[in-house]
Structures are given as structure tokens and as C-alpha cells.
Protein chains: 2
Amino acid sequence: MKIDSIKIAELAGVSRSTVSRVLNNHPNVSEKNRKKILNIIDEYNYIPNLNAQTLAGKKNKVIGVFIYEPNMNAQSTTDTAYFMNFTDTVVKEAFLNNHQILVDYLKDSNDEKRIESFFKNGNISSGIFIGFLRENLFLEKMIESDYKVVVVDYASQLKDNAKKTLYINTDDYGGGTSVMEEILKKNNKKVLFFSGDKKKLSGLERERAYVEALKNKNIVINKTLMMESDYSREKAYENMKKILDSNIKFDSIFSSCDNMLFGVIEALKERSIDYKNMEIWGFDNLKYTVPMGLKTVSPMLKDTAKKSIKFLISDITESKVEYTKTKLIKNINEYFEN
Amino acid sequence: MKIDSIKIAELAGVSRSTVSRVLNNHPNVSEKNRKKILNIIDEYNYIPNLNAQTLAGKKNKVIGVFIYEPNMNAQSTTDTAYFMNFTDTVVKEAFLNNHQILVDYLKDSNDEKRIESFFKNGNISSGIFIGFLRENLFLEKMIESDYKVVVVDYASQLKDNAKKTLYINTDDYGGGTSVMEEILKKNNKKVLFFSGDKKKLSGLERERAYVEALKNKNIVINKTLMMESDYSREKAYENMKKILDSNIKFDSIFSSCDNMLFGVIEALKERSIDYKNMEIWGFDNLKYTVPMGLKTVSPMLKDTAKKSIKFLISDITESKVEYTKTKLIKNINEYFEN
DNA sequence: CTGAAAGCGCTTACAG
DNA sequence: CTGAAAGCGCTTACAG
């Protein structure tokens, strides 16, 4: 049996307006009618049609998560574990706050159009954007729009005309600095560095941490120890082989992400180089790093996810920048506690 | 400027009906009008309102993923990595097929009501259910309903009155059998077994594999080597300690999930027991297992996800049962290839 | 505190 | 091939 607000109204002997008022917690309904209607709603298991509600102007409880992944295709093996880790927590936080999550990827302008229409037509009440390159035009537009959005690891500087936007960032600089402290306090001087994607905020910040840490220790920066990369395992593997083929000396390694670190380790293993006692650090706390006996930095994505949801379901409308502190993960216990 | 189908119609000098026909690829529109309308749509960046379309009876492109997690709460540390792994692939597959995913958890009857309304009101076009215990009443109802659904690892037997349902299962029995083969061919006879949650299909099937493999080798089943458990790390840890405190002898271990295996290893380490040369297997291929030097079975969730999406976006309406083959993962290379 | 009515933006059966 | 009109199921401003 189809059951809609008209049926409920009939059953309760009132108009749909009154049913609607009860549904939306309006105060101007007699206690008697409210009770009666609520009972009938419950008895008949009535749930209002979300599409109709949205069409009529109500906000829904769905939050969009939009992941930028230009390489997405049927053959792609891109590891998006990092993002799903984040999404996982977002889904749980949303659930605990009575919201649901729509997950969508974004690759080209078709996707941009779709996402804009989700906002415009109220399929989602707000959105979280992650994985974007710096100065992405579409994202800038979202930031300036009237839609409530969170941008993750995108920029450290609030845009002048940003509206209802939370910029939330991993403290990449702080995390990188802690790693360098660990490395340098063991008296290492020749830290081999693998930089990440400079088109992303994280790539810039982690490199800045490396450079500043050396400067503060008055260690001359040796460009040949700084390998440009793009967060990919393959590139890092090639770079590491080049280093080993040259006569460049190093005493420690900081890879600005775990994914690259794995390529580095592969190259070391191939040459049977014993790296067990060397200070070697990655970043991101990908699931395999610490179990493999390596050290890394956790971006504490759960915190980021929690702050994001909190912002979106609050009625805060001012824009702001927030940071999530990172945490060093040195052993399996810290790994599981995290 | 607000732009709707009426505006497009005006601009093209036609009625909304014709615009709608173009939008929905109906054949009965003159080529001239179709072109003109398409151009205007493109020029004005018009995207139809999904809520209105759905309300008017169109199916949308959102697929729900519903994860059963009775312990979900603010303090919960439940590891749902397994599910998110699955969801990850589902999201990607959906994206490649022009669909989006709504992720939602399910804990109690309120959640059931919400999910039913998502179906009823067309907020989703179909749904995938994962993590459910056997004979869950709500799920049985969904299976019998007219909604198109996929149930993952739920039951091996098609229900008589199942409608438009794909039962998709990991080949737990096959995977467990392969593990036992590996263990037994090394001449082990006393295989310590940690069973999973018997309220789930996987718990039953993996235990069946253990029992049958021993029978086939004419090894007498020793109940004291079979530890009842519930997939939790804590319980497995306690069970392992009990074994070590007793004088029960074992020469190999098969834990029916990696999560429990970790508890088992903790207990072994505490007693400084050297297990490096022992045949030890987990199940599920959780991210840390193989990097820690242990062996496990991959449920090939990607295959399961792909088959699920394929079923849901096809126009198949008969119900059926399918299985996804598992794969043994013995070393880090196999781990990364997976 | 309550109801009749307009409006949200589409689709589709009907008539031509 | 095309348009006028009804319908999808709500909400809310208006009038009382």
C-alpha cells in the first residue's frame, strides 16, 4: 500500500499542511494533533519522500565526497587507499551524526558539471573535496560559491572571496620537521630526499620541512640528494637506482610518501643493500609500511574527517583554515593504536 | 540565472515535452529540433534536476552500499577496513559506469526504515548489502522485494522467493581448502584452528574447509585444536594464551581471519615462541598481514565488487548465486600484485 | 492553531 | 513529430 502525507492526513483527520508541520518540527501545532499524527506515522511506517522534500526546498542529509583522480579508468591501478581511508572515517562520522555520504570521483569537466548539479539541485547538502591540485579552477569556483564545502590539503591561505569554506590541512610541515629531527639527531648528515608532487600542497610543504631542517642545523643543502618525483612508486624506484648507480653517498632516507618509499626499498633490496640499521622514513602511514619494519608519519585522517563533518553539519558559515597534527609511527604497536 | 527545462524550451522555441524527449533520448523528435535543443543545453550548461526527475518516475544513477555494523558508535574502534576495501572498488566501478555510490551503515531498525525509504523514494536505484549475519530478517525482506539488490557473503542457497537478487560469495570453502593443502603437504598433523563468527556464512565455510581437509587426509579431528571465536583480535589472543598455558601440542596454525591472526601472533611473541618456520595462515588479506611476513588468502574483493556493479547496472532480473575465487598470498610481491 | 492553494522541476500518456 | 495537461510528493506563505 502506498502511503503518503495525504493518507496520513486523512487518517489523522487533518490537512497535509499540519502533517508537514509535525514532520518539520514546527511549533504551531496543537499537542493533541501532534501526538495523533506522530502515532499514525509510526504505525504506518511512513517516511516522507526525500526527493519531494528536496524539490520543495528542504535540505537533505547527504554529504558529497569528491575525490580528484585524473587517471581513473578501467585499467588504472592507482592506489587510492589513502582517500578511502579518509572516506571510511567520514562515512562513520556522518552516520553517527545522522547523515549519509555520496562518494564520487572527478576526472574531467563532465564530472564537474555533475557535481555542480548535485549541489544546485540539492542532492547533497554540502561537500568535501580531496586530492585536488593547487589552484584548481573548479575548486576555486566551489570555494567562492554559496555552497558549504571542505577542501582537504589544498591550500594554506584562505582565498579573499572564500565563502562557507573550511580549508583543512595535514600539518605536513610539522610532520616533515619531526621526521628530520629523528634523522638528524642520530647524527646523519646526508639525507636522501624524495619529493612528492609539487602540484599538491603536501609536496611543497614536506620539501620545505626537509630544507628548513637542514638549514637550522647548518647543513649545506646538496641538490643531488633531492630527487624530484610525483608520489609514484615507479619513479622513486628509478630514482633510487640512479642514486645507486652514481657514487652519491647518503646515510639516511626521507621519502615524502610511503608509496615512493616502497619503490626505494625495492631498489635497495635488488642490490642486496642492508638498510636495516639506516634511518628510513616515509609519510602517510599506508597500511603496509610499518608492518614491513619501516617508519612513517600518520596524517591522522580520522581527525581531519571528524573536523570536516563537524564543520559541515554545524551552522558555521565563516571560512577558515585548520590543521591536523601528525604523529610519528615507529613500530607495530603505534601502528595499531593509530 | 536559474535555468530549467522551461527556459530551454523557450530558447529553442519548443515545448518542455520536446526538451524532455531529447533529454531522455526518445526517438520521436525531429533531427532539427534535437540538434537545436542539444546546443542550447550545452551552451547554458543545463543539467536537469535529479530530484524532479526521480519524483517524476525516472531512475537515478545512485547505488547504495549498506554495511551492517551493530557496534557502530562514537567510541567504536571496529576495523571496517575490509568493507572499505570493498566499497573503494565499488565506487570506482560505479564511476566508470557513470553511477555514484551512497554509503551508509546499518545498526538498528531506524536505519532499516531509512534504507527502505531510499529504495521506495528512488534516492537509490539499487543496493549492495554486506556484513550481514545469516538469516537477517531485514535482508530477507529486501531479497524478496522488487528492489534490485546484491547480498555479499550472506548465504549460499538461493531463497525460493528471491527476486532480482544476486547472492555473491567469496569462495571461502575453496580458499580454506587451499590453505589446508599448503599446511598438510608440509606434513603437519596438528593444525590449530581459529574459527570465525558462525553467524556469518564465512565463519561456517572456512571451518568446513578445515574439517573436510583433515577428513580427506584421514586425520582424526581433535576438538581441542579448534578454537571458537568471533573474528575479534582480543578473543583470539586469549584463546592462544590458553593453548600455550595448556599442554596441547600444535605444529601449524590456520586462523580464519587475519584480524584474529594478529592476536595469535601477539600471544606467541609474548612467550618468545619462535614461529618463523611454522606454517601459519590467516584469511582476508588485511593490509598488514603479508608485510608482517605472514601468509593469507585474498578474497579478491575487486572481483566481487565488479560483479556486483555489473549485475546492478545490467537489466538482468533473475536471481542467482555467484562465487569469487580466492587467491593465496604468500609474499610481498603477490601482495602488491593483488 | 489550521487549511486551501501555489510551487518545486521534471516525465509521460494522451490527443492531435 | 509536437504540445497541453496531469501527476510525482512534498513545503510554505497566506489568509483566517
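Note: hydrogens, waters and symmetry copies are ignored here, and every other heavy atom, side chains too, is used. Letters go in sequence order (proteins before strands), and every chain restarts at 1.
For B:D315, there are no salt bridge (charged side-chain N to carboxylate O under 4.0 Å, His left out) partners two or more places apart in sequence or in a different chain.
Salt bridge present: B:K320 and B:E322 bring a charged side-chain N and a carboxylate O closer than 4.0 Å. Using a 4.0 Å cut-off between a side-chain N of Lys or Arg and a carboxylate O of Asp or Glu, A:K7 and A:E10 do not qualify as a salt bridge. Ion pairing between a basic and an acidic side chain is recognised when a charged N comes within 4.0 Å of a carboxylate O; B:D111 and B:R114 show such pairing. One finds a salt bridge joining A:D88 and A:K92 here, because a Lys/Arg side-chain nitrogen approaches an Asp/Glu carboxylate oxygen to under 4.0 Å.
Aromatic ring orientation, B:F119 versus B:F66: tilted (interplanar angle from 30° to 60°).
In this structure, A:N33 reaches the C:dT2 phosphate: one of its side-chain N or O atoms is under 4.0 Å from OP1 or OP2. Taking 4.0 angstrom as the limit, A:Y46 places a side-chain polar atom (N or O) nearer than this to OP1 or OP2 of D:dC10. A sub-4.0 Å separation between OP1 or OP2 of C:dC10 and a side-chain N or O of B:N51 is absent. For A:N24 and D:dT11, the shortest distance from a side-chain N or O to OP1 or OP2 is below 4.0 Å. A close approach under 4.0 Å does not occur between any side-chain nitrogen or oxygen of A:T18 and OP1 or OP2 of C:dC1. In this model, the phosphate group of C:dT2 is approached by a side-chain N or O of A:S30 to a distance below 4.0 Å at OP1 or OP2. Note on A:S5: a side-chain N or O is less than 4.0 Å away from OP1 or OP2 of D:dC10. An OP1 or OP2 oxygen of D:dG3 is reached within less than 4.0 angstrom by no side-chain nitrogen or oxygen of B:S17.
Of the candidate nucleotides C:dG9, C:dA13, C:dG3, C:dA13 has the atom nearest to the side chain of B:R21.
A straight line from CD1 of A:I6 to C1' of D:dC10 spans 10 Å, rounded to a whole angstrom. Put simply, NZ on A:K58 is 8 Å from P on D:dT12, counting in whole angstrom units.
Comparing B:G57 and B:S15 by the nucleotide of DNA chain D that holds the closest heavy atom to each, the one mapping nearer the 5' end is B:S15.
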(Q) For B:F83 and B:F86: C-alpha separation, side-chain torsions, deciding distance, then whether ring-ring contact (aromatic ring centres under 6.0 Å, His included) applies. (A) CA-CA 5 Å; B:F83 298 135; B:F86 173 78; 8.4 Å; no
Show your reasoning for whether salt bridge (charged side-chain N to carboxylate O under 4.0 Å, His left out) applies to A:K159 and A:E140. CA-CA 9 Å; A:K159 210 182 172 181; A:E140 294 293 328; 2.7 Å; yes
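Residues of residues 116-125 of chain B having a heavy atom closer than 4.0 Å to DNA chain C: none are found.
Side chain to side chain, B:N24 and B:K58 meet the donor-acceptor criterion of an N or O pair below 3.5 Å.
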Encoded 5' to 3' (Watson-Crick or G-U under 3.5 Å; [ ] crossing; | other strand), DNA chain C becomes |||.||||||||.|||
